[in-house]
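Throughout, a chain's letter reflects where its sequence line sits, starting with A, and its residues are numbered from 1. Below, all heavy atoms of this structure are taken into account, side chains as well, without hydrogens, waters or symmetry copies.
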There are 2 protein chains.
Amino acid sequence: MNDSAWSTVFAVTESRNQPTGAAFLLAQLGAHAANRFAARIADLGLSPADVGLLRMIAARPGRSQQSLAADLGVVPSRVTALIDPLDRAGLVERRRSTGDRRNYELHLTPEAARVMDEIKKTAIAHEADITSALDPSQRAQLITLLELIAADQNLTPGVHPGYRR
Amino acid sequence: MNDSAWSTVFAVTESRNQPTGAAFLLAQLGAHAANRFAARIADLGLSPADVGLLRMIAARPGRSQQSLAADLGVVPSRVTALIDPLDRAGLVERRRSTGDRRNYELHLTPEAARVMDEIKKTAIAHEADITSALDPSQRAQLITLLELIAADQNLTPGVHPGYRR
DNA sequence: TATTGTTATACTCTATAACTATA
DNA sequence: TATAGTTATAGAGTATAACAATA
């Protein structure tokens, strides 16, 4: 579904030509921010899912595919498919656990470390890009308001709801 | 991909435990707002796409599937699949155009008019729900800041980017 | 020959279930 | 028997291409 289509989905004020509510603006800007980030990391040959996986492994090296499946909320067979390309790309290494030879210990390769640096640079550039219209005071104000809403909506700080359903 | 997964995708500040950037908050709240709206209209037996289609037809009754395809940014065969369930549900009527019998003129049924009322109520409740943490002045402030960003990012007012790619 | 809409086909994403190796 | 991971299969969503009816 493209731009025009989504505009009609979230429209609130039918009396005017354009939807103007805060809910619509949030959905519009949120999708834009997510799309822009996806486009940026696509230049690195990665998908948003790839970045998530790499970060999860970086945060806890040696973790199993099962633990990843649990945290991701997907079935184990899905993790196989998600890790395969990263393995083939030489970014993730599957090492048989010495203690329990049924499971793998997932590790990032040295190459992945270089990629993670690029991802970090990309994330910082992305943040600057998205907020470039605001001065520092406005940016702080925006974050305050957004955090008020996030708390009110019972969103876990730092946890993105994804796009499911 | 679920909550925890997405949190790692957009993380900006690796030195802290949580991502805190405005870009992340926008993506988080935008996805939340879109998900909540989808959940609400699911109670009406509709998908976000259905709502978009109904609104597009309501805004220009008699329009063809081709024009819908163009505005939606999808191929004509996709429109067939999108309209079919709405037709079967008795919400959209395909009338052969008398002038050019190749195309249909799409119209909403009286039943659809009742559904549109429900959608409107839902959208208003949704807006109130999402912004319930803010007082009127804060809500105006938020909209101002979001509109600054939207303009800076060259987003067409009232046009949602969708979740493509 | 060009256009509107449908059908057939294929590709991607994801889940369920059966299977292998290990415990 | 239970667990980690893989493979096989199926269903949803969407695009491409071939087709029928009409122009």
Side-chain angles (χ1 to χ4, degrees), chain A residues 1-6 9 34-35 38 42 45-53 56-57 60 62-88 92-107 162-165, chain B residues 1-6 9 34-35 38 42 45-53 56-57 60 62-88 92-107 162-165:
Chain A
M1 188 175 282
N2 86 348
D3 302 16
S4 317
W6 280 92
V9 172
N35 286 163
L46 299 172
S47 69
D50 291 333
V51 173
L53 258 346
M56 291 171 85
I57 296 169
R60 188 137 63 81
R63 65 184 306 177
S64 69
Q65 294 187 188
Q66 284 286 341
S67 89
L68 236 36
D71 284 4
L72 284 165
V74 301
V75 293
S77 64
R78 185 82 198 100
V79 177
T80 300
L82 287 169
I83 296 293
D84 274 348
L86 294 173
D87 187 353
R88 261 182 276 116
V92 168
E93 193 187 345
R94 286 170 162 121
R95 299 187 199 151
R96 275 294 171 196
S97 171
T98 48
D100 183 339
R101 286 152 49 80
R102 284 175 304 185
N103 62 28
Y104 287 123
E105 290 170 359
L106 301 175
H107 293 272
Y163 300 107
R164 294 169 296 175
R165 216 128 328 199
Chain B
M1 186 176 281
N2 84 348
D3 303 15
S4 316
W6 279 94
V9 172
N35 285 165
L46 299 172
S47 70
D50 291 332
V51 173
L53 258 346
M56 291 171 84
I57 296 170
R60 188 136 63 81
R63 66 184 304 176
S64 70
Q65 294 188 187
Q66 283 287 339
S67 89
L68 236 35
D71 283 4
L72 283 164
V74 300
V75 292
S77 64
R78 185 82 199 100
V79 177
T80 301
L82 286 170
I83 296 292
D84 274 347
L86 294 174
D87 188 352
R88 262 182 275 114
V92 169
E93 194 188 345
R94 286 170 161 121
R95 299 187 199 150
R96 274 293 172 198
S97 171
T98 50
D100 183 340
R101 286 153 50 80
R102 283 175 304 185
N103 64 28
Y104 287 122
E105 291 170 358
L106 301 175
H107 292 273
Y163 300 108
R164 293 170 298 174
R165 217 124 325 203

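- The salt bridge (Lys or Arg N to Asp or Glu O under 4.0 Å) check on Arg96(A) picks up nothing, with sequence neighbours excluded.
- Sorted by first and then second residue, the side-chain hydrogen bond (donor to acceptor under 3.5 Å, both in side chains) pairs with a member in residues 76-87 of chain B read Asp84(B)-Arg94(B), Asp87(B)-Arg94(B); sequence neighbours excluded.
- If you take CD1 on Ile57(B) and NE2 on His107(B), they are separated by 9.5 Å, rounding to the nearest 0.5 Å.
- Nearest heavy atom pair, residue Asp71(A) against residue Met56(A), reads CB-CE, 3.5 Å.
- Nearest nucleotide to the side chain of Val75(A), out of dG5(D), dT16(D), dA15(C): dA15(C).
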Between the protein and nucleotides 9-11 of chain D, list every N/O to N/O distance that falls short of 3.5 Å.
none

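- Residues from residues 77-84 of chain A that place a heavy atom under 4.0 Å from any atom of DNA chain D, listed by number: Ser77(A), Thr80(A).
- The side-chain heavy atoms of Pro76(B) and Gln65(B), taken from C-beta on, include no pair separated by under 4.5 Å.
- With rounding to whole Å, Gln65(A) atom CD is found 5 Å from dG5(D) atom P.
- Considering all non-hydrogen atoms of both residues, Ser97(A) and Glu105(A) come closest at OG-OE2, 3.4 Å.
- For the helix from dT1(C)-dA23(D) to dA23(C)-dT1(D), the terminal axes (five pairs an end, C1' atoms, rotation from four pairs onto the next four) enclose an angle of 30°, given to 10 degrees.
- Heavy-atom distances under 4.0 Å link DNA chain C to Arg94(B), Arg102(B), Asn103(B), Tyr104(B) of residues 93-105 of chain B, given in residue order.
- Ala38(A) approaches Pro48(A) most closely through the heavy-atom pair CB-CG, 3.8 Å.
- Atom pair Gln66(A):CD and dT22(C):P shows a separation of 17 Å (rounding to whole Å applied).
- When each of Leu46(A), Leu68(A), Val92(A), Leu106(A) is paired with Leu53(A), the side-chain contact (heavy atoms from CB on, under 4.5 Å) condition holds for Leu68(A) and for no other.
- When every heavy atom of Asp50(A) is checked against every heavy atom of Gly45(A), the shortest pair comes out as OD2-O, 4.4 Å.
- What separates CG of Leu72(B) from P of dG13(D) is a distance of 15 Å, to the nearest Å.
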